[in-house]
Amino acid sequence: MHHPRSVREADVAGKRALVRVDFNVPLEDGRVADDTRIRAALPTIQLLLDGGAERVRLCSHLGRPKGEDPAFSLKPVEAHLRTLLEDERVAVLENTRFHSGETANDAGYARELAEGSDLYVNDAFGSAHRAHASTEAVAHVLPAYAGLLLEKELEELGALLESPEHPFVAVLGGAKVEDKIGVLESLVQRADAVLVGGKMAEEVEPREKVVLPSDVVAAAAFEADAESKVASADAVPEGWVGLDIGPETRAAFAREIAAARTVFWNGPMGVFEWPRFAEGTAAVARAVAEADAHTVVGGGDSVRAIDELELEDRIDWVSTGGGASLELLEGKDLPGVLAIPEA
Ligand code: 3PG
Ligand code: MG
């Protein structure tokens, strides 16, 4: 693995820092609906301020706007940041994706971003799998360093790849199956068991180490209030759909998790936004929280489940990365990390 040099090694006194953060946070009615990623960036910002940086300019993308679009402005995020940290040396630039050069990883746009800064710090783990101007090209323009969050994420997820304590149990779920086949392959090599639930379970063939649901909560339609019943996984009635793992599977998954020394979980076990199909995801969340193991949870939906059940204090590491954490666990190099020189 590539070990980028740390911002802790940088001499920042009197310097102007450009910091790439991942402020791609959900907005509701023009306000920040979840500030986890904003709070996660605070230690690096504070480190730079405490080190005497003259200026700290924060840049991030937000959503996937097509050109400049006020609905994707970072202004509400900046306003929220100011409630958490007040320092006139800190500024938040506008959404990097307002420029077409961002996703094109354009060197010209990277130079524009870098103008007026002496060093670059990447603390945007959630975007480190993107080779974009603000995550990749700019690291070749300014002296580049890894922020504290990026470092901690690499340490936590890297440990799962390189030195997990066994038994290592991984739990994979969710609907974006194409994104997860690669990580399943990687985890089958490294883990002692991979428990698969959610839509993913329908796409995966039985094989060694892979534990598939034995029962599901089947529904007559893909609807929150559809008629439903518990069915054996191989006996879902014609035309019905599995919307959650069943009670036998929940118990079996919980037993595997309880016996683990290391657990990684990504993706819900069913349609947990609908209370009648949330129990499988909740059962996994509780089992992970109770495990006497080193536990890591990544991915927006599983993190939201942990959050709703107020279990975050009982998880050792809740990753701010979805796609980035999966690509890392697949064994891929992340362009935003590779662009930073090693120590
Ligand atoms: C995320 O939330 O997954 C990251 O911020 C990356 O966003 P993107 O998928 O739009 O590149
Ligand atoms: Mg623990």
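All ligand and atom numbering here is 1-based and tracks the order in the structure.
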Exactly one of Ile181, Val183, Val210 clears side chain to side chain contact (heavy atoms under 4.5 Å, CB included) with Leu172, and that residue is Val183

Answer with yes or no whether the side chains of Ser319 and Glu156 bring together a donor and an acceptor at under 3.5 Å.
no

Please could you name the atoms of ligand 1 that Arg64 approaches to less than 4.0 Å, counting only its heavy atoms?
8 (P), 9 (O), 10 (O)

So, Glu223 and Trp274: side-chain donor and acceptor under 3.5 Å apart, yes or no?
no

Tell me, which protein residue and heavy-atom name are nearest atom 4 (C) of ligand 1, and how many Å apart are they?
Gly126 O, 3.3 Å

To check your reading of the model: name the closest protein heavy atom to atom 5 (O) of ligand 1, its residue, and the distance in Å.
Asp22 OD2, 2.8 Å

Just to confirm my output: which protein heavy-atom neighbour is closest to atom 7 (O) of ligand 1, and how far is it?
His61 NE2, 3.1 Å

Could you tell me which atoms of ligand 1, counted from 1 in the order shown, lie closer than 4.0 angstrom to a heavy atom of Arg97?
8 (P), 10 (O), 11 (O)

Numbered in order shown, the ligand 1 atoms found under 4.0 Å of a heavy atom of Ser127 are 5 (O)

Heavy-atom nearest neighbour in the protein, as seen from atom 11 (O) of ligand 1, with distance rounded to 0.1 Å
Arg130 NE, 2.5 Å

Please check if the side chain of Arg276 supplies one atom and the backbone of Ala224 the other of a donor-acceptor pair under 3.5 Å.
yes

Show the nearest heavy-atom pair for residues Ala285 and Ile306, with the distance to one decimal.
CB-CD1, 4.0 Å

Considering the options His132, His61, Glu136, which one meets the side chain to side chain donor-acceptor pair (under 3.5 Å) requirement together with Arg20?
His61

Applying a 4.0 Å heavy-atom criterion (strictly less than), which segment of His132 is in contact with ligand 1: side chain, backbone, both, or neither?
neither

What do you reckon, does His129 have a nitrogen or oxygen under 3.5 Å from a nitrogen or oxygen of ligand 1?
no

Within the side chain of Arg89, is there an N or O that forms a donor-acceptor pair under 3.5 Å with the backbone of Ala53?
yes

